[in-house]
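What follows is a short report on a single structure.
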Protein chains: 2
Amino acid sequence: MISKKTKYAINALVYLAKQDNNNPIRISDISESQNIPQKFLEAILLDLKKAGILASKKGKGGGYYMLKAPKEINLAEVMRLFDGAIALLPCVTYNYYERCEECIDEETCGIRDVFYEVRNKTVELLKKADLEQIIKREGNLKNII
Amino acid sequence: MISKKTKYAINALVYLAKQDNNNPIRISDISESQNIPQKFLEAILLDLKKAGILASKKGKGGGYYMLKAPKEINLAEVMRLFDGAIALLPCVTYNYYERCEECIDEETCGIRDVFYEVRNKTVELLKKADLEQIIKREGNLKNII
DNA sequence: AATTAGTCTATCGGATGTATAGAGTAATTA
DNA sequence: TAATTACTCTATACATCCGATAGACTAATT
């Protein structure tokens, strides 16, 4: 399961990416419209800013706005930022590799082999899912109904 | 990430499935050969027994042995048994569905749409991975080296 | 100068994951 | 039927993480 932090982050990003212009949006606006606890959201937005995805403006008329283009931000990136590794086993991650202590021979581990496949497929799907595409998907789903 | 419990369970199952005959194996044997803390392993084996995957025999010459055929046990089943849902969002699980509290419209949620795909692919891959196949994979990996 | 809004630090309760201890029970064998 | 072996159950400990909140601080704008 992904953490609430990641989920909130994605929701906030989609919300910001949906704005017509790129004017700053107040934290309290995002918080209320997306049902995210405000103080919790503050920390999340800060992290997104540090990651170079968002930027902020202080003072009256301030708030957060997109720095990167929606197409350049995908769910794999956001998940890694808040939850760390995407893989289900530490021994099949790109960025957070760790040997399984109890493992006898990693090279010939059939279990690892399976989870390696799972990770590859998952990352592939999550990378394809950028903010622009997610918004398009919403449009499609609305048309179906 | 899957829990150690799940990982230990899989390792113990593969170990038991590899035995030539289906004689009972002592907990202490599994524990030592697979580097799993014995007391922790006891609880895991009990769960696997309750799930109808293993059976046990008490007294001298006793231990745990396979009840189901290795081909009938796949990683999706084991993961669900110990870690619960496989999906990354509660709103896209088969067996543990829960609405996201903060969600505004589930039906048209683009994020959900993505994670729905990820879950389907993951479950597909994990279901294909039964114990027999895992053991075959190990054989293949050994031949490559 | 006053206002508005983001930034930082600290903290907290609760849940979960990993692991261990020890007493108790049941089956087997000799 | 006693001794042995091994499984079963309950309780507990500890660390870590997660979700959330409080409050003081700082910086930009009007």
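Please read all numbers here as calculations on a predicted model, not as lab measurements. Within every chain, numbering begins at 1; the chains are lettered A, B, ... in the order of the sequence lines, protein sequences first and strands thereafter.
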Rounded distance (nearest 0.5 Å) linking atom CZ of B:R112 with atom NZ of A:K7
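Between B:R112 CZ and A:K7 NZ, I get 11.5 Å after rounding to 0.5 Å.
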Calculate, to the nearest 0.5 Å, the distance between atoms CG and NZ belonging to A:D113 and B:K136 respectively.
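One finds 14.0 Å between CG of A:D113 and NZ of B:K136.
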Does a side-chain N or O from [X] land closer than 4.0 Å to OP1 or OP2 of [N], or not?
X    : N      : answer
B:T6 : C:dG17 : no
B:Y8 : C:dA19 : yes
B:S3 : C:dT16 : no

Pair A:T6, A:S3: side-chain N/O donor-acceptor within cut-off below 3.5 Å
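Yes, side-chain donor-acceptor contact under 3.5 Å.
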Distance-only donor-acceptor check, side chains A:S56 and A:K49, under 3.5 Å:
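Short answer, yes.
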Under 4.0 Å between any heavy atoms, over every strand shown, what does [X] touch: base, sugar-phosphate, or nothing? Just pick one.
X     : value
B:L45 : nothing
B:G63 : sugar-phosphate
A:Q38 : nothing

Protein-nucleotide distance ([X], atom [atom1]; [N], atom [atom2]), rounded to Å:
X      : N      : atom1 : atom2 : result
A:E101 : C:dT18 : CD    : C1'   : 10 Å
B:N11  : C:dT18 : CG    : P     : 14 Å
B:L41  : C:dT20 : CG    : C1'   : 14 Å
A:D83  : D:dG19 : CG    : C1'   : 13 Å
A:E42  : C:dT9  : CD    : C1'   : 13 Å
B:D47  : D:dC9  : CG    : P     : 10 Å
A:F40  : D:dT21 : CZ    : C1'   : 11 Å
B:D29  : D:dT5  : CG    : C1'   : 13 Å

Does B:Y64 reach the side chain of B:I25, with side-chain heavy atoms less than 4.5 Å apart?
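No, side chains not in contact.
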Would you tabulate the nitrogen or oxygen pairs shorter than 3.5 Å linking the protein to nucleotides 27-30 of chain D?
residue : atom : partner : partner atom : Å
D:dA27  : O4'  : A:K58   : NZ           : 3.3

Which of these nucleotides, [options], is closest to any side-chain atom of [X]?
X     : options                : value
A:K49 : C:dT7, D:dG19, D:dC9   : C:dT7
A:K39 : C:dA21, D:dG23, D:dA20 : D:dG23
B:P37 : C:dG6, D:dT21, C:dT20  : C:dT20
B:K4  : C:dT18, C:dG6, D:dC7   : C:dT18

Cationic N near anionic O, under 4.0 Å, B:K18 to B:E138
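Here B:K18 pairs with B:E138 in a salt bridge, since their nearest N and O are under 4.0 Å apart.
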B:Y94 six-ring centre to B:R119 NZ/CZ under 6.0 Å and within 45° of normal
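Yes.
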Whether over 12 other heavy atoms sit under 6.0 Å from A:Y15 OH
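Yes, enclosed.
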